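Everything quoted here is computed from the prediction, not taken from an experiment. Because only heavy atoms are used, hydrogens play no part in the values below, and waters and symmetry mates are left out as well, while side chains stay in.
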Amino acid sequence: MPRPTPICAAPQLKSPMPLKSFFRNPKTRPLGSVPAGSRVYAVGDIHGRLDCLEAMLALIVEDRAHRDPADTTLIFLGDFVDRGPDSCGVVERVRTLDIPGVDIRALKGNHEEILLSAAENDRSSLGLFDRVGGKQTMLSYGMTEDEYDHVALSELAALMQHHIPPAHMKYLAGLGDHISIGDYRFVHAGIRPGIAFDEQRGSDLRWIRREFLDHSGSHDGIIVHGHTITEEPVDLPHRVGIDTGAFVSGRLTTLVLEGSERRFLSTCPSAITPASADLK
């Protein structure tokens, strides 16, 4: 069976994504900073919302234009796929993104892990992929709704391999687990308290929740993470959470770090029907 060209199926959105930013008052964090002369943009969970991603990239371009030059790093915290209408478009956009003067880096989220394992015919991952928005992912890669609804679970892995371009699979498989810049540690989900950062397990970095969120003490660095949805960014001395549920809210959040300053950029809320809400 011939492999389709890596062109994403066009999604249908209920409303356009306007460009707008929400700036909070800068907060000085004397216990945490990035190196002098540098600026970091960390983008939360996108989940198939290409419209939100494009809006955020425009906000970042605008932000850079109004500030002094800096050594700039753009970090994506993972969960590019599932739930939203255009996972294919998001993966292709991030994979090929090239902004002059910006170091672009990306992390693997638990949803990328699920997709990759499901495509290798791991049965538990196939079931999970189906429950957490995998259908929307496959529709964006060209499957029809009727095809997906009638495929047996045992046949889904082969169809994933057929429809998802090898370049996308290779890109997702090669995503990293963590990034360190200055006093900040960037991960998808969080870290296990009490364990040195360089000794953390990849599974915890992509999946951990309660043990991390309930911990109120300091960590080995200030943790920047997504994975757990909150209406507003979580801005604490020991961690910053920036998953504001873009797939359903339309609000994609970016943390901006410069010196000891923290601030946020956000796209305008623009709700669409959620693909799945039973597991993040």
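When atom types are taken as modelled, the side chain of Ser249 and the backbone of Glu231 share no donor-acceptor pair closer than 3.5 angstrom. Here the side chain of Asp79 pairs no donor or acceptor atom with the backbone of His47 at under 3.5 angstrom. Listed for the Arg49 side chain is a donor-acceptor partner under 3.5 Å among the backbone atoms of Ala246. In terms of modelled atom types and a separation under 3.5 Å, the side chain of Thr267 and the main chain of Gly250 share a donor-acceptor contact. When atom types are taken as modelled, the side chain of Arg185 and the backbone of Gly182 share a donor-acceptor pair closer than 3.5 angstrom.
Leu153 and Tyr141 fall within the same hydrophobic cluster, defined by Ile, Leu, Val, Met, Phe, Trp and Tyr side-chain heavy atoms under 4.5 Å apart, directly or through other members. Placement of Val61 and Leu50 in two distinct hydrophobic clusters is found when ILVMFWY residues are connected by side-chain heavy-atom separations under 4.5 Å, directly or transitively. Placement of Ile195 and Phe186 in two distinct hydrophobic clusters is found when ILVMFWY residues are connected by side-chain heavy-atom separations under 4.5 Å, directly or transitively.
Within the 4.5 Å cutoff, the side chain of Val40 has no heavy atoms near those of the Tyr184 side chain. Contact of the Cys52 side chain with the Phe247 side chain is not registered, since no non-hydrogen atoms from C-beta on lie closer than 4.5 Å. Side-chain contact check for Pro35 versus Ile181: some heavy-atom pair is nearer than 4.5 Å. Within the 4.5 Å cutoff, no side-chain heavy atoms of Ile242 are placed close to those of Thr254. At least one side-chain heavy atom of Ile164 sits under 4.5 Å from a side-chain heavy atom of Met138. Side-chain contact between Leu97 and Leu74 is present, with at least one heavy-atom pair separated by less than 4.5 Å. The shortest side-chain heavy-atom distance between Leu57 and Leu53 falls under the 4.5 Å cut-off. Annotation: side chain of Leu255 is in contact with side chain of Phe264 (closest heavy-atom distance under 4.5 Å).
Partners of Ser124 under the side-chain hydrogen bond (donor to acceptor under 3.5 Å, both in side chains) rule, at least two apart in sequence or in another chain, are Asp122. For Arg206, the salt bridge (charged side-chain N to carboxylate O under 4.0 Å, His left out) partners two or more places apart in sequence, or in a different chain, are Glu113, Asp177. Take Thr144 and apply the side-chain hydrogen bond (donor to acceptor under 3.5 Å, both in side chains) test, not counting sequence neighbours, and it matches Glu147. Take Arg239 and apply the salt bridge (charged side-chain N to carboxylate O under 4.0 Å, His left out) test, not counting sequence neighbours, and it matches no residue. The side-chain hydrogen bond (donor to acceptor under 3.5 Å, both in side chains) search around Tyr148 returns Asp130, not counting sequence neighbours. Glu155 pairs by the side chain to side chain contact (heavy atoms under 4.5 Å, CB included) definition with Val151, Ala152, not counting sequence neighbours. Partners of Arg201 according to the salt bridge (charged side-chain N to carboxylate O under 4.0 Å, His left out) rule, which considers only residues two or more places apart in sequence or in another chain, are Asp204. Here Ala65 pairs with nothing under the side chain to side chain contact (heavy atoms under 4.5 Å, CB included) rule; sequence neighbours left out. Partners of Glu211 according to the side-chain hydrogen bond (donor to acceptor under 3.5 Å, both in side chains) rule, which considers only residues two or more places apart in sequence or in another chain, do not exist here. Take Asp68 and apply the salt bridge (charged side-chain N to carboxylate O under 4.0 Å, His left out) test, not counting sequence neighbours, and it matches no residue.
Residues Arg251 and Glu232 are paired through a salt bridge, judged by an N-O separation under 4.0 Å between the basic side chain and the carboxylate.
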task = Test side-chain contact (heavy atoms from CB on, under 4.5 Å) on Leu257 and Arg262 and set out the steps.
result = CA-CA 5 Å; Leu257 301 170; Arg262 296 180 191 172; 3.6 Å; yes
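Going from atom CG of Asn110 over to atom OG of Ser117 covers 11.0 Å, rounded to the nearest 0.5 Å. Note that CZ of Phe80 is 12.5 Å distant from CZ of Arg95, once rounded to the nearest 0.5 Å.
The nearest pair of heavy atoms linking Asp45 to His188 is OD2-CE1, 3.3 Å. The two atoms that bring Ala118 and Ser125 nearest to each other are N-CB, 3.6 Å, heavy atoms only. Of all heavy-atom pairs spanning His219 and Pro193, the tightest one is CE1-CG, 4.1 Å.
Among the candidates Asp146, Asp82, Asp149, the single residue satisfying the salt bridge (Lys or Arg N to Asp or Glu O under 4.0 Å) test with Lys135 is Asp149.
Within the hydrophobic cluster formed by Ile, Leu, Val, Met, Phe, Trp and Tyr side chains joined at under 4.5 Å, directly or through other members, Ile191 is accompanied by Val187, Phe197, Leu205, Ile208, Phe212, Leu213, Ile223.
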Kindly list each side-chain donor-acceptor pair under 3.5 angstrom involving residues 101-109, sequence neighbours excluded, with atom names and distances?
residue, atom, partner, partner atom, Å
Lys108, NZ, Ala173, O, 3.4

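Looking at Asp86 and Ser140, their side chains never bring a donor and an acceptor atom within 3.5 Å of each other. In this model, no donor atom of one side chain and acceptor atom of the other lie less than 3.5 Å apart for His227 and Asp243.
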